[in-house]
Q: 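Supplied in structure tokens, the structure appears directly below.
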Amino acid sequence: MSMELPKHYDPREAQERWLRFWTERGFFHARPDANRQPFCIVIPPPNVTGALHLGHALNNTLQDVLIRWRRMQGYDTLWMPGTDHAGIATQAVVERRLREEEKKTRHDLGRDELVKRIWQWKDQYEKRILGQLSELGCSCDWQRTRFTLDPVCARAVRTTFFKMFKDGLIFRGKRLVNWDAQLQTSVADDEVENVKQKGKFYYFRYPILARGSGTLDHVLIGTTRPETMLGDTAVAVHPEPARELDKRERELEANLAKANEKDTREIQERLERLRRRRTEMLPHLEQLAELAHAGTILELPLLGRKIPLIADRYADPEKGTGAVKITPAHDYNDYAVWERHRATGEPINILNPDGSINDNGRGEFRGRAFSYSGLDRMDARRKVVEDLQELGLFDREEDIENTIPLSDRSKTPIEPYLSDQWFVRMGDVDNQPGLAQRAIDAVKDGRVKFTPERYGKTYLDWLGEKRDWCISRQLWWGHRIPIWYVYAPENELKRIFAGRDDVTWRLDEVNGRWLVCALEDLPTDILGPKYPLEQDPDVLDTWFSSALWPHSTLGWPEATPELAYWYPTSVLVTSRDIITLWVARMVMTGLYNLDKVPFHHVYIHPKILDAFGETMSKTKGNGLDPLDIIARYGTDALRFQMVHLATETQDSKMPVANVCPHCDELVPVKMEHLGGKTRKITCPSCKKPFRPGGPWHAVDPELPTAKQASERFEVGRNFANKLWNAARFLFLNLEGYKPEAIRHEALPIEDRWILSRLATTTATVTQHLENYRFSEVARTIYDFTWSEFCDWYIEMSKRRLSDAAAKPLVQRVLVGLLDGILRLVQPIMPFVAESIWQALNEVAFERGLPAPEPAAESVVIAPWPVLPESWRDAAMETRIGHMQELVRAVREVRNRYTVDMKTNLDVFVRCAESVAGDFRTLTPFIAALAGVGRLECGPDTAKPRQSATHVTPEFEAYVSLQGLIDVSSETARLQKQLAEKLKHIQAARGKLGNSNFVDRAPADVVQQQRDLVADLQNQIKAIEENLRDLQEG
RNA sequence: GGGCGCUUAGCUCAGUUGGCUAGAGCACCAGCUCGACAAGCUGGGGGUCACUGGUUCAAGUCCAGUAGCGCCCACCA
């Protein structure tokens, strides 16, 4: 029976067909099975509103490879899918649409309505992202799909929060946030836009109160935001200005020595400025430092507060007046300074949420009362300047251009603002290891292993700081914080909540109210109308629910069979930038809630960068849409490339091109196209305009949008096609195929060779998978399939297929090989593997090596190949290696020269015999593969390609072929190596023999040298034995 | 400011404890429409392994320094 396949592999048809087939058969659905080993991965949940991008493609392909491989190995395999509600990102998307389409803010809608809208949005977009993952071939158990806000996850969140609150791990604290005073909300960093604009720099004087020594009676400071002086808690100067300036000067001089022309000018200018400043300012700076060291106190103008002059490196001696005012409540850098000098007192918040000055803006100075309370911050700025002028403390103002942070949403200046937030305590409590320490221990003692190992350091360093985790966010979309505030006598609380173990409370020491924490929502009138409860308006940080993902998705806090069976999960696959935010927190909560780590391994994969080495992002507009790649090259090609670029260390640059929608020409994306600014590109080939494509492009009705492409995916596409055509060759030659067991020892040499290679390849691939060496996995399979199976074995099989007596055996071997290759390929390129597998099931249902068996109904559930170790034969592989070299050499000679046929044949036969040795059966293959046979049967029409001036081409060919045996053979190679080593040994001996060396070198070094010589001698012995073996046969 | 990584062919990248004549794909050159595959086959050219120094019998690989590039954390998702 034979059948014919189309000439090219059609990915589109295969993808649709097998996706449906797999789903119908339920191959991806898992149930706990005590008779099998569990293997489980939880997906890093993509943002619900996100679209699939290349990072997802990489991350999920790698997980799928592991899952598919383990499934074939017989593990009870669960890949748990789901999506993340991604608080700020999602709410921002919906709010933006609201603004653009209905000109409304969230306040117009109200909390409940906005949340309702986001849920609608979520339902729509969750389908999209999950559908895209499915298209990628991800073999997730889709029936178990979770969402971080669904009831199961919500219960886990509540339970954890409640437990932490009860354990005293959750507390109130202060933190600086980006405050949008107009919208009265905090804003995430990526929603802050830095804008250059004209502004003023103001200088004024702070009087020195208690002077240690010296002549100064004030300190001059400069600022762009004078009103923030109301919140100053200190003034900082550099502790060692002279040393610092010296150091910088030296550095600049050193740089100058090797700078190029352009940099030289810049450095020289800076050096000049530095030296001038040194001359002009240094005595003053030194005096300031001295004052700071002496504990000088300043008097804050207008408010009369006493603030210290402190020494801190943050104050740059090269800039300004050398002294910096410190306003910890309203500046991130100042806050950091304050953290180093906590003794200077608590940060002072001077703003109301609406941006006006609060009651901290009142005070008395030199007998006069000043108040800014209630003034808008911009009005306060003017009044502060006026008042300082009046007091004679104002020095001067300068026009400058500075950068100020604007809120992306309201376009008003962002105010860093110290506000009340909820925190989780990371540190140790009562000398017991806290959340951070327990997570640290888990990695230190190897319960959690990172691959590559170095990322363990990132994790440990970050956790080592044990910084408390701020978990509240001023948003509406997310898990609302289950805390209710109430002013009431404690008796009332006791009366209502006594005996309830799902409610607990604690006194808020700051304002005397109760903080009530509950597992379930509390009615606000539960204490009666006199004591209304008010729920905290904030929601939890998205990472709080993400941190529970490995156990919440498996049903915790319920004791589900899934949790018992699959937790801890096997491996977590993610990117390095969320090691701290996500990985560390999963370990913490896993240990906290279940006393078990959430996963045994963490595999960190590289990042895909654009052609210029920058991360792909929406704002840069340099992304690549995986769906375009799938459409153009096929899913298997995309997956192959993802696996192939997943190397140990290196991030991968991915040049992107737009496909001209008019003429299909690839137009590379250039630097100037980035930033999302380019709306139109003119095709250099057909001169027609189009809109650049990308995963984040908006549709433009006027202009056709380009699809994207990248040459990098051709490798995978070509490989899929190669595999397809190898299968096609088989199908054309399977007539009369009969399954039957083979006897390995009776096989011809080329069969034993390819089976040895298959066994080696299978073992290597398995090992690489175990070690997460994905790139090697792809490369090993690719090389074996293409360069050995196709290039050599199939070619050698052609002769035998035309020989009726030899045919049945070679058919069995070919089918067995293809079967094995398909199984190896399946985890990476499941669609093409399944296509061929199903076709093979039609014509050779019973197959396999060494004995045939009925095939699995899908390659997805076929067993992972394990071949007899005894099939691996290194000597055989070397022998065929020689043959290949001979063939290559003959081909080269044929390609280079026109040779006399008779001489050539004669020389060739001698070479072939010499190489083949006792494997005479190989000689015909050598002849066929080298094309020598054709030389015999007609005039060689090839023209001389290299002129021979002093030797005839025939002579050169002859010499090449003669030389070949010596140069190419393993014998010669080993001999050469041997000679090298002998030389080294002699050198080593010489050193040892040198009495000087023996006398002076430490004993262990001498011993080391002796060991080395002994070692080398052993190696030589081994080599010599090898040589003898080779010569004998 | 702290931490991590990268620099190997024109391009994108491999190169596991030091031990090859430093590899692959693409691109390039020459030749092949021979019954699996032109998304292919055969052969070829192309590298001071960023630079400087050190350790070693032996360095792309280990160590130190220099230069350039990138990422993460400091605030945030």
Side-chain angles (χ1 to χ4, degrees), chain A residues 5 7-9 47 84 86-89 92 175-178 186-192 254-255 258-259 313-314 332-333 335-336 416 454-455 457-458 461-462 465 467 470 473 541-543 576-581 607 609 611 613-615 633 637 644-645 647-655 710-712 714-715 717-733 768 771 773 775-776 779 782-783 787 790-791 794-795 798 888 891-896 931 934 942-943 945 967 973 976-977 980-981 983-991 1008-1009 1012-1013 1016 1019:
Chain A
L5 261 45
K7 226 172 166 180
H8 287 297
Y9 167 58
N47 179 344
D84 191 277
I88 202 146
R175 160 152 310 204
L176 275 183
V177 294
N178 298 319
S186 65
V187 178
D189 264 14
D190 50 8
E191 290 185 292
V192 176
N255 288 346
K258 29 193 148 145
R313 289 176 183 281
Y314 169 58
Y332 286 103
N333 289 318
Y335 189 80
R454 77 190 113 93
Y455 290 114
K457 189 174 155 49
T458 310
D461 285 353
W462 184 79
E465 291 177 29
R467 301 169 78 94
C470 178
R473 295 290 180 273
D541 179 10
T542 304
W543 296 111
R576 72 174 100 87
D577 44 6
I578 49 176
I579 290 173
T580 54
L581 295 165
K607 299 186 68 146
L609 312 172
E614 295 190 33
T615 43
Y633 303 97
H644 192 252
L645 59 73
T647 58
E648 168 124 358
T649 51
Q650 186 96 20
D651 290 343
S652 193
K653 279 182 254 183
M654 182 69 70
S710 176
E711 282 176 358
R712 304 285 296 281
E714 287 175 7
V715 185
R717 180 197 58 181
N718 295 353
F719 183 46
N721 198 50
K722 186 72 178 178
L723 202 55
W724 178 261
N725 274 294
R728 192 164 167 263
F729 169 79
L730 256 70
F731 290 129
L732 291 171
N733 287 287
H768 286 322
N771 296 321
R773 303 182 70 92
S775 182
E776 298 292 305
R779 207 169 54 87
Y782 180 94
D783 286 348
S787 311
C790 291
D791 286 355
I794 286 191
E795 290 308 320
K798 283 177 181 171
R888 281 198 197 99
R891 285 170 180 166
E892 182 180 344
V893 170
R894 280 176 43 75
N895 247 321
R896 270 183 197 277
R934 285 199 298 135
K943 294 177 199 86
R945 287 167 204 123
V967 174
R973 191 178 300 173
K976 217 169 131 191
Q977 214 175 28
E980 278 292 294
K981 280 189 177 169
K983 225 166 71 194
H984 294 319
I985 290 165
Q986 274 154 8
R989 274 213 183 111
K991 247 189 177 178
Q1008 204 188 329
Q1009 293 287 341
L1012 194 70
V1013 171
L1016 285 170
Q1019 283 186 40

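Here is the naming used below: chain letters follow the sequence lines, and residue numbers restart at 1 for every chain. A quick note: this is a predicted structure, and the numbers were derived from the prediction, not measured.
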Q: Rounded to whole angstroms, how far apart are CZ on A:Arg728 and C1' on B:G40?
A: 12 Å

Q: Nearest 0.5 Å, what's the CD-CZ distance between A:Glu795 and A:Phe729?
A: 7.5 Å

Q: Which whole number of Å gives the distance between the C1' atom of B:A30 and that of B:C4?
A: 47 Å

Q: Residues in side chain to side chain contact (heavy atoms under 4.5 Å, CB included) with A:Asp577, at least two apart?
A: A:Ser575, A:Lys607

Q: In whole Å, measure the gap between the P atoms of B:G54 and B:G2 for me.
A: 30 Å

Q: Taking only side-chain N and O atoms of A:Thr647, does any of them lie within less than 4.0 angstrom of OP1 or OP2 on B:A14?
A: yes

Q: Side chain of A:Trp462, heavy atoms from C-beta onward: which of B:A14, B:A74, B:C13 has the nearest atom to it?
A: B:A74

Q: How many whole angstroms separate atom CD1 of A:Ile794 from atom C1' of B:C37?
A: 10 Å

Q: Whole angstroms only, please: what is the CG-P distance between A:Asn771 and B:U16?
A: 14 Å

Q: Taking pairing as Watson-Crick or G-U wobble with both contacts under 3.5 Å, can you name the mate of B:G43, or confirm there isn't one?
A: B:C29

Q: Output the rounded distance in Å from NZ (A:Lys607) to C1' (B:G5).
A: 13 Å

Q: So what does A:Thr542 touch, heavy atoms closer than 4.0 Å: a base, only the sugar-phosphate, or nothing?
A: sugar-phosphate

Q: What's the CG-P distance between A:Leu645 and B:G15, to the nearest Å?
A: 13 Å

Q: A:Thr580 and A:Thr458: which non-hydrogen atoms are nearest, and at how many Å?
A: CG2-O, 4.3 Å

Q: Say you pick atom P in B:C51 and the same atom in B:A27; how far apart are they, in whole Å?
A: 29 Å

Q: Who is the Watson-Crick or G-U wobble partner of B:A67, with both distances under 3.5 Å?
A: B:U7

Q: I'd like the C1' distance from B:U12 over to B:G18, given in whole Å.
A: 27 Å

Q: May I ask you to verify if any side-chain N or O of A:Lys457 is less than 4.0 angstrom from the OP1 or OP2 atom of B:C72?
A: no

Q: Might you work through the side-chain contact (heavy atoms from CB on, under 4.5 Å) test for A:Asn771 and A:Glu776, ending with a clear yes or no?
A: CA-CA 10 Å; A:Asn771 296 321; A:Glu776 298 292 305; over 6 Å; no

Q: Base, sugar-phosphate alone, or nothing: which one does A:Leu730 contact when heavy atoms must sit under 4.0 Å apart?
A: nothing

Q: To the side chain of A:Asn721, which of B:C37, B:C73, B:C4 is closest?
A: B:C37

Q: Nearest heavy-atom pair of A:Tyr633 and A:Ser710: which atoms, and what distance?
A: OH-O, 3.1 Å

Q: Quick check for you: among B:U16, B:G5, B:U42, whose closest atom lies nearest to any side-chain atom of A:Arg454?
A: B:G5

Q: Taking atom C1' in both B:U61 and B:G40, compute the distance separating them and give it to the nearest angstrom.
A: 37 Å

Q: Separation of A:Tyr455 atom OH from B:G5 atom P, in whole Å?
A: 8 Å

Q: Can you check the distance between B:G60 and B:U7, where both ends of the measurement are the C1' atom (answer in whole Å)?
A: 12 Å

Q: Ignoring hydrogens and angles, does a donor from either the side chain of A:Lys722 or the base of B:C37 sit under 3.5 Å from an acceptor on the other?
A: yes

Q: Quick check for you: to the nearest 0.5 Å, what is the distance between A:Trp462 atom CH2 and A:Arg467 atom CZ?
A: 9.0 Å

Q: Generate the contact string for nucleotides 22-28 of chain B. Rules: B means base contact, S means sugar-phosphate contact only, - means no protein heavy atom under 4.0 Å.
A: ---SS--

Q: Does some side-chain heavy atom of A:Trp543 sit less than 4.5 Å from a side-chain heavy atom of A:Ile578?
A: yes

Q: Let me know, please, whether A:Thr458 or A:Leu581 comes out on the 5' side of the other along RNA chain B by nearest nucleotide.
A: A:Thr458

Q: Taking CG from A:Asp461 and C1' from B:A74, how many angstroms apart are they, rounded to a whole number?
A: 13 Å

Q: Hunt down the Watson-Crick or G-U wobble partner of B:C37, both distances under 3.5 Å, from any strand shown, or write none.
A: none

Q: Is A:Asn721 reaching over with its side chain to a backbone N or O of A:Tyr9, donor-acceptor style, under 3.5 angstrom?
A: yes

Q: Tell me whether the side-chain N/O atoms of A:Lys7 come closer than 4.0 Å to OP1 or OP2 in B:A38.
A: yes

Q: Nearest to the side chain of A:Leu732, heavy atoms from C-beta on, is which of B:A36, B:A74, B:U16?
A: B:A36

Q: I'd like the C1' distance from B:G45 over to B:C63, given in whole Å.
A: 37 Å

Q: How many whole angstroms separate atom CG of A:Asn725 from atom C1' of B:A38?
A: 11 Å

Q: Decide yes or no on side-chain contact (heavy atoms from CB on, under 4.5 Å) for A:Thr647 and A:Arg779, but give the supporting numbers first.
A: CA-CA 11 Å; A:Thr647 58; A:Arg779 207 169 54 87; over 6 Å; no

Q: How far, in whole Å, is B:G35 from B:C13 if one measures between their C1' atoms?
A: 37 Å

